[in-house]
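One structure is given below, encoded as structure tokens.
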Amino acid sequence: MSEKIMIFDTTLRDGEQSPGCSMNLEEKLKMARQLERLNVDVIEAGFPIASEGDFEAVQAIAIQIRKPVIAGLARANRLDIERAWEAIKQARRPRIHTFIATSDIHLKYKLRKSREEVLAQTSEAVKLARNLCEDVEFSAEDATRSDIDYLAAVLEAAIQAGASVINIPDTVGYAIPQEYGPFIKALLAKIPSRGKAIFSCHCHNDLGLAVANSLAAVDAGCRQIECTVNGIGERAGNASLEEGVMALRTRRDVLPYHTDIVTEEISRASKLLCNLTGLFVQHNKAVVGRNAFAHEAGIHQDGMLKNALTYEIMTPQSVGITASTLVLGKHSGRHALRNKFEQMGYELNADELERAYFFFTKLADQKKEVYEEDLVAIIQDGIKIIPDIYRLKYVHSAGGSQGISSAAVKLERGEEIFVESAVGDGPIHACYRAIDRVTGLPGRLLDYSVNAVSRGKDALGEVFVHVEFEGKNYIGKAASVDIIDASARAYLNAVNKVIHEKQRQAKSPDVSTETAGTN
Ligand code: KIV
Ligand code: ZN
């Protein structure tokens with residue numbers, strides 16, 4: 001019988017805090033629901049002391065997501081721990097995850113504390129957390145660059161104080177598998193109370209070794225892997241959930257372990273995250289990249305036709321990728337649309353179906369063929385989780401390779417109609433300036449991308465923008481067969497998020513600003 005490896009997903013904490021990955025409350029909830037479908041064991045929902053927004057998101061996830069353990073991160077001090085507990089206490093299975101650094105580099109330059117002080121702080125923090133919550137995880141930040149005997153003493157103290165999960169992070173992604181595995185084995189041997197805790201690994205990907213290191217840690221005795229969907233995270237990211245899970249599943253012959261992940265949900269989780277953050281994975285990314293199952297060379301295609309085992313070590317179906325099919329035509333009705341969405345795993349309520357149908361008929365008029373990818377774009381774009389406070393009625397632009405571009409927009413907000421125009425360096429710049437004139441919220445465009453959603457010259461173009469408003473970054477997205485139209489609506493999507501956030505803050509005014517950050 002193989003041993004179970006627990007999957008601790010930190011997409012919404014370590015992943016979300018990296019540049020370009022921030023999500024609002026509704027988006028985090030959406031992602032958390034998908035993580036629950038994926039059947040992860042633990043969702044680290046955020047770092048509640050970091051900001052009011054983080055606190056609210058962790059609390060909402062704790063209340064609404066009932067199957068997995070919900071963890072909240074806290075530095076090893078009273079304020080952080082109490083704030084984390086406040087956010088997660090309504091979870092069915094709450095966990096406080098507290099941490100402090102143990103390497104001499106961090107002690108000397110960051111914490112300015114002695115080894116004895118950090119040891120004492122560990123015991124105190126874990127005891128405090130344990131008084132609030134039965135399930136406490138302790139992490140020794142920068143463990144892999146810590147003195148092994150000192151680290152063992154700190155971890156022993158954490159277990160004695162009541163921590164039942166002990167994490168040994170490679171915070172800076174410095175370890176290599178041949179070193180990390182033996183390091184963990186030797187470390188465990190030095191901890192007298194090791195039998196009372198589950199050991200966990202948390203690897204960063206600075207040298208591209210995060211998954212390999214996690215597998216080495218499992219072989220050395222860790223029974224929990226901390227990871228993120230698509231490997232997002234600080235700097236080069238964290239260990240990627242899909243790669244670790246599929247390695248364990250595909251190489252059961254040499255890795256006698258299993259996870260409870262519903263691997264058929266992997267592709268959907270990956271795509272959802274891309275859509276929420278606008279951060280796309282490279283085409284050749286293992287497991288979830290567009291080319292991960294594409295066989296291009298003639299000799300490979302020939303082999304695949306004879307027997308898929310020739311070049312395929314896992315099936316696309318096992319990670320939830322199904323062949324892209326032509327789905328519906330302009331005469332398809334609501335019933336057919338609902339059935340198709342259900343087959344694709346999306347359950348729509350009556351309202352959502354009505355809106356999806358409206359967008360579908362519009363698209364089917366513009367486009368000859370509608371594919372599954374188009375339908376995904378429809379629900380991601382058409383059924384917005386953020387209300388359309390400003391709506392685009394039309395955009396008209398003029399540009400070219402020479403001269404100044406111009407754009408005119410007509411926007412609607414409630415009963416009010418606004419018309420503005422502007423010139424700019426290209427039609428999109430002009431269009432954004434015209435929108436800024438209406439909203440009075442000047443944005444700074446940080447990133448812009450456009451992708452073809454499906455195939456053909458009339459493919460839907462999906463635009464993602466990262467825009468800074470009042471010092472904060474927002475992501476906007478929209479899809480259309482006309483990329484200027486998609487660009488304008490993507491920008492408005494970001495504007496609407498700013499206004500939505502302001503409206504929410506006005507309802508709960510004691511909003512603190514960002515106070516903390518970690519890897
Ligand atoms: O990388 C790290 O050390 C962390 C800890 C807070 C677990 O993210
Ligand atoms: Zn980390």
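Since this is a predicted model, take the numbers as computed values, not measurements. Each ligand, and each atom within it, is numbered from 1 in the order the structure gives.
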Proximal atoms of ligand 1 relative to [X] (non-hydrogen, under 4.0 Å):
X    : result
D14  : 8 (O)
S139 : 7 (C)
P169 : 3 (O)
E141 : 3 (O)

Looking at [X], I want to see if its [atom1] is surrounded by more than 12 non-hydrogen atoms of other residues, nucleotides or ligands under 6.0 Å.
X    : atom1 : answer
E134 : CD    : no
K4   : NZ    : yes
Y174 : OH    : no
R290 : CZ    : no

Pair K285 + E243, salt bridge at N-O below 4.0 Å: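 Salt bridge between K285 and E243, a charged N being under 4.0 Å from a carboxylate O: yes.
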
Does this structure show an ion pair linking E265 with R268, if we count only N-O contacts that are shorter than 4.0 Å? yes

Which segment of [X] sits under 4.0 Å of ligand 1 when only heavy atoms are counted:
X    : result
T171 : both
H204 : side chain
H202 : side chain

Return yes or no for this condition: an N or O of R13 is under 3.5 Å from an N or O of ligand 1.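 Looking only at distances, the answer is yes, because the N/O contact criterion of under 3.5 Å is met.
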
Here the gap from T10 atom OG1 to L73 atom CG, rounded to the nearest 0.5 Å, amounts to 7.5 Å

Fit a plane to each ring of Y432 and Y491, take the angle between them on a 0 to 90° scale, and name the class: parallel (under 30°), tilted (30 to 60°) or perpendicular (over 60°).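 Ring orientation of Y432 relative to Y491: parallel.
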
Which angle, to the nearest 10 degrees, do you find at the Zn ion (ligand 2) between NE2 in H202 and OD2 in D14?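 About 90°, to the nearest ten degrees.
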
What's the atom name of the N, O or S in H204 nearest to the Zn ion (ligand 2)? NE2

Using a distance threshold of 2.8 Å, state whether an N, O or S atom of E234 lies below it from the Zn ion (ligand 2).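 Short answer: no, not a single N, O or S atom is under the cut-off.
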
